[in-house]
S.K.: 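Can you read through this structure? Questions will come right after.
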Amino acid sequence: MYVVLSRSGRDVRAQSVDDGGRVIGEPQVIPATRLPEWVDAQEAQRSSTLRWTWSDTRDWYPSLLGAGLRVRRAHDLRLSHRILVGAQSRPSRGASAAPAQEGPPLRSDASWTAPEPVGGPPPPADAATLFDDAALLAVTTEPDVGVPWPATADGSVPFDPVEALQAQLRVIDALPGAAGLRLLVAAESAGALAAAEMRAAGLPWRADIHAALLEAVLGPRPSMGARPVELERLAGVLRHHLDDRALNPDSPTEVLRALRRAGLSVSSTSKWELQRVEHPVIEPLLEYKRRARLYAANGWVWLDTWVRDGRFRPEYVVGGVVSGRWAGSGGGALQLPKQIRSAVVADPGWRLVVADAAQLEPRVLAALSRDHRMADAGRGRDLYDGIVATGAVEDRSQAKSAMLGAMYGATQGRGGQLVPRLARAFPLAIAYVERAARAGERGESVTSLLGRASPQPSAAEIEAERAAFAADAVPGAERAARARARSRGRFTRNFVVQATAAEWALAWMAGVRTRLRERFPGPLEHSPHLAYFLHDELVVHAPAASADAVADIVRESAAEAGRILFGTFPITFPLSVAVVDDYSAAKDAPPSAGRGITDTTAASGPSTSIARR
DNA sequence: AATTAAGGCGCG
DNA sequence: AAAGCGCGCCTTAATT
């Protein structure tokens, strides 16, 4: 049952709609000021079936959270729209593909859909080869406007969310993979709830600890525009070594020029290149860069801007990455340097439960491709160790390089060398990503397990590629076109894994938040709550007495996420779970603990354990 | 003066 | 172009 909310002056209209999209009864009108208590009452009466449906969780949920409520489930029309437009515009292909049944067109409004609206006829059903002109997609017009959709996020233009919901439900029913899409839309909406909750609660942050760390590394806070003394000192060392009194170490151009003048054969000033050069200037230069980065990205200005009342409240952008991963906005939420994680400290009497899914993406690939041998390799232990045990490669580091190489499309270097050995040991898994790569090279879209579609190449790119293979093409164009196609292939190759891993993570997070709410009801801030999320890692801020129960919840939810996505396929998703006072203490279990997947637990120190199904 | 691109580095 | 995916955001350099 959906309860669709919309604003009408100072009132809120609530219309019930059943799972088939049929309107149930008359709309109720609730004064906006009394919405929280009304929502609360509805949740209490029928929360297990009810799905709050609104244009945008970011517009509706914060005020409910502010009133001390948490809702169980939601349907975010904006996020669902985006997913469905992507799924709908994907041409079905292949001789055996079901006839296109795309349902009613959804309006693609640029202000609401992050991916560019795309559309196009299916390519020829026969197996088209790479760079065959026939394989390139022609691009047609956007789908017609079918569903009224607000042009602005505040819903100020006429917009009927009931109609929008009905259209979405019809589209889902009409698309192949409806069950997956239904799940995906629910998971994405749950993510939106979690993101709002995490922003509301914030990540506990000790500004004093952060500031002390800055002083230790940079010296006292400098006045505006001045360079911290430690950076100035290092700059002096660099100037001395490079014999350049005026060198600005922040200018890559100047530094590169000075390095070459000093006789170093480098083509850039990037860390990876400098690391392999022997010269007395390298060490202080890398040290300067490390500290300058801390100063610029997470220095005092960052602290002033982003930490208030002991909390860091970043904005999470749900589905902000094409793969469905979250992005962040403001404060570099998803790039918190490990260097400063010691400032993330639980409140007195509270703990951080830090959980990390071990080798999530390779495990997702094993399950996606139904590769039992790879799944076996990871059962109950570190997957890379398991790969070594099969004899495919010599050591863990090789296993990791090979795995990443396979998922990213490495052709050279260590990864490129090792992928063939992986392919012999795990042919199903490797074939899966290879197929995705070939599809991308042909200009096709690929999908995640639940049906999130990768964006298709733009009309301009396809046309440029076509032109590059014409008889009168400019010299070199063909090579460039092949490079672009390969680049697309690496993207689609990675997309199938990254996007499905993002779905696992959404399911995991959804399970955690639902269980936390059930087990520990009441306002967020007074009970265990999600505090941070980072692709394959979750942090729950919890009263110390509840930390062990929370750790169990996190593990149960991981196992459940595996079942939701992959059913009975025998894949495990081990977690390292640490109950700690500060975030930095959670990083990597001690070596004796077997890389973080043993069963030791202790209330006060770092501890790890494995999730089993 | 105000944007945009490039170089670089943090995270997964 | 790191050998190979996805991001955000900082400073400097280039362009309008």
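A, B, ... follow the sequence lines: proteins, then strands. Residue 1 opens every chain.
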S.K.: Grab the stems for DNA chain C, please: at least three consecutive Watson-Crick or wobble pairs, both distances below 3.5 Å, written as range with range.
M.R.: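 Detected stem regions: B:1-12 with C:5-16.
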
S.K.: Which residues in residues 267-274 of chain A have at least one heavy atom lying under 4.0 Å from any atom of DNA chain B?
M.R.: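 Here the set is A:Ser268, A:Thr269, A:Ser270, A:Lys271.
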
S.K.: Round to a whole Å and report the spacing from NZ of A:Lys338 to P of B:dC9.
M.R.: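 Interatomic distance, NZ of A:Lys338 to P of B:dC9: 17 Å.
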
S.K.: Do A:Arg396's NZ or CZ and the ring of A:Tyr384 fall within the cation-pi criteria of under 6.0 Å and 45°?
M.R.: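 So A:Arg396 doesn't make the cation-pi contact.
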
S.K.: Expressed as a whole number of Å, how far does the P atom of C:dG8 sit from that of C:dG4?
M.R.: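 Comparing P positions in C:dG8 and C:dG4 gives a spacing of 23 Å.
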
S.K.: side-chain hydrogen bond (donor to acceptor under 3.5 Å, both in side chains) for A:Ser267 and A:Glu273? Distances and angles first, verdict last.
M.R.: CA-CA 8 Å; A:Ser267 62; A:Glu273 192 172 355; 3.1 Å; yes

S.K.: With rounding to the closest Å, how many angstrom separate the P atoms on B:dA5 and C:dA3?
M.R.: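 Here B:dA5 and C:dA3 have their P atoms 26 Å from each other.
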
S.K.: Of the non-hydrogen atoms in A:Gln498 and A:Ser323, which two are nearest, and what is the gap between them?
M.R.: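 It is OE1-OG, 2.6 Å.
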
S.K.: Is it true that A:Glu465 and A:Arg482 have a side-chain N and a carboxylate O under 4.0 angstrom from each other?
M.R.: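 No, A:Glu465 and A:Arg482 are not salt-bridged.
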
S.K.: Going 5' to 3' along DNA chain C, which nucleotides are the first and last within contact of chain A (any atom under 4.0 Å from a heavy atom)?
M.R.: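 Span of nucleotides near chain A: C:dA2 to C:dA13.
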
S.K.: When you measure from every atom of DNA chain C, which of residues 229-261 of chain A have a heavy atom less than 4.0 Å away?
M.R.: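 Heavy-atom cutoff 4.0 Å gives A:Asn248, A:Asp250, A:Ser251, A:Thr253.
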
S.K.: Would A:Arg421 and A:Glu394 satisfy salt bridge (Lys or Arg N to Asp or Glu O under 4.0 Å), going step by step from the backbone distance to the final call?
M.R.: CA-CA 11 Å; A:Arg421 295 167 67 174; A:Glu394 271 86 60; 2.8 Å; yes

S.K.: OP1, OP2 of B:dC9 versus side-chain N and O of A:Lys289: anything below 4.0 Å?
M.R.: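 Looking at the OP1 and OP2 atoms of B:dC9, one of them is under 4.0 Å from a side-chain N or O of A:Lys289.
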
S.K.: Starting the side chain at C-beta, find the nucleotide from B:dG12, B:dC9, B:dC11 nearest to A:Arg293.
M.R.: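 It is B:dC9.
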
S.K.: In whole Å, I'd like the distance from the CG atom of A:Leu538 to the P atom of B:dG12.
M.R.: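 Going from A:Leu538 (CG) to B:dG12 (P), I get 14 Å.
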
S.K.: Any sub-3.5 Å donor-acceptor pair from A:Arg291's side-chain atoms to A:Val217's backbone N or O?
M.R.: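 Such a contact is found between A:Arg291 side chain and A:Val217 backbone.
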
S.K.: Name the orientation class of the two ring planes belonging to A:Trp302 and A:Phe312 (parallel below 30°, tilted from 30 to 60°, perpendicular beyond 60°).
M.R.: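 Ring orientation, 0 to 90° scale: tilted.
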
S.K.: A:Glu197 and A:Arg513: salt bridge (Lys or Arg N to Asp or Glu O under 4.0 Å), yes or no, with the steps?
M.R.: CA-CA 9 Å; A:Glu197 289 170 4; A:Arg513 75 167 289 280; 2.6 Å; yes

S.K.: With rounding to the nearest 0.5 Å, note down the distance linking OH in A:Tyr408 to CZ in A:Arg490.
M.R.: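 Answer rounded to 0.5 Å: 13.0 Å.
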
S.K.: Report the C-alpha separation of A:Arg261 and A:Asp244 in whole Å, then their side-chain angles, then the decisive distance to 0.1 Å, and conclude whether the salt bridge (Lys or Arg N to Asp or Glu O under 4.0 Å) test is met.
M.R.: CA-CA 10 Å; A:Arg261 202 165 44 221; A:Asp244 181 347; 3.3 Å; yes

S.K.: To the nearest Å, how far apart are A:Gln335 CD and B:dC11 P?
M.R.: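 Going from CD in A:Gln335 over to P in B:dC11 covers 9 Å.
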
S.K.: Can you name the nearest heavy-atom pair linking A:Arg363 to A:Gly378, along with the distance?
M.R.: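 A:Arg363 and A:Gly378 have their closest heavy atoms at NH1-O, 2.8 Å.
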
S.K.: Specify the closest pair of heavy atoms between A:Leu422 and A:Ala406, including all atoms of both residues, with the distance to one decimal.
M.R.: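 In terms of heavy atoms, the two residues are closest at CD2-CB, 4.3 Å.
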
S.K.: Is it the case that the side chain of A:Arg325 and the backbone of A:Gly319 share a donor-acceptor pair, with hydrogens and angles ignored and the cut-off at 3.5 Å?
M.R.: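 Judged by distance alone, no pair lies under 3.5 Å.
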
S.K.: Measure CG/A:Leu534 against P/B:dG10 and give the value in whole Å, please.
M.R.: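 Nearest whole value for this atom pair: 15 Å.
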
S.K.: Output the residues of residues 405-435 of chain A in contact with DNA chain C, where contact means a heavy atom of the residue under 4.0 Å from an atom of the strand; sort by number or write none.
M.R.: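 Residues of residues 405-435 of chain A that come under 4.0 Å of DNA chain C are, in numerical order, A:Tyr408, A:Gly409, A:Ala410, A:Thr411, A:Gln412, A:Gly413.
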
S.K.: Which heavy atom in A:Val580 sits nearest to a heavy atom in A:Val354, and how many Å separate them?
M.R.: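 The answer is CG2-CG2, 4.0 Å.
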
S.K.: Would you sort out whether A:Arg488 and A:Glu444 count as a salt bridge (Lys or Arg N to Asp or Glu O under 4.0 Å), showing the intermediate values?
M.R.: CA-CA 9 Å; A:Arg488 279 203 308 270; A:Glu444 295 169 9; over 6 Å; no

S.K.: Report the C-alpha distance between A:Ser342 and A:Asp582 in whole Å, list the side-chain angles of each, state the deciding distance to 0.1 Å, and finish with yes or no for side-chain hydrogen bond (donor to acceptor under 3.5 Å, both in side chains).
M.R.: CA-CA 6 Å; A:Ser342 57; A:Asp582 84 85; 5.3 Å; no

S.K.: Do you know the tightest heavy-atom contact between A:Ala355 and A:Val554?
M.R.: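 So the minimum-distance heavy-atom pair works out to CB-CG1, 3.3 Å.
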
S.K.: For A:Arg276, answer base if it contacts any base atom (sugar-phosphate contacts may also be present), sugar-phosphate if it contacts only those atoms, and nothing otherwise; contact means non-hydrogen atoms under 4.0 Å.
M.R.: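 Counting heavy atoms under 4.0 Å across all strands, no contact is made by A:Arg276.
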
S.K.: Between P on B:dC11 and CG on A:Asp356, what's the gap in Å once rounded to a whole number?
M.R.: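 To the nearest whole Å, that distance equals 14 Å.
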
S.K.: Between atom CG in A:Leu294 and atom P in B:dG10, what is the gap in whole Å?
M.R.: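 My rounded result for the distance is 10 Å.
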
S.K.: Quick one: label A:Leu404 by what it contacts on the DNA or RNA (base, sugar-phosphate, nothing), any heavy atom closer than 4.0 Å.
M.R.: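 Nothing, no heavy atom under 4.0 Å.
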
S.K.: Please list, by residue number, the residues of residues 325-333 of chain A whose heavy atoms come closer than 4.0 Å to an atom of DNA chain C; answer none if no residue qualifies.
M.R.: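 Listed by number, they are A:Arg325, A:Ala327, A:Gly328, A:Ser329, A:Gly330, A:Gly331, A:Gly332.
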
S.K.: Please state how far atom CD in A:Glu361 lies from atom P in B:dC11, giving the value in whole angstrom units.
M.R.: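 Whole-Å distance recorded here is 17 Å.
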
S.K.: Would you call the rings of A:Trp504 and A:Trp508 parallel, tilted or perpendicular, taking 30° and 60° as the class edges?
M.R.: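 Tilted, since the angle between the ring planes falls between 30° and 60°.
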
S.K.: Give me the atom names and distance for the closest heavy-atom approach of A:Ile83 to A:Leu184.
M.R.: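 Shortest heavy-atom separation between A:Ile83 and A:Leu184 comes out as CG2-CD2, 3.7 Å.
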
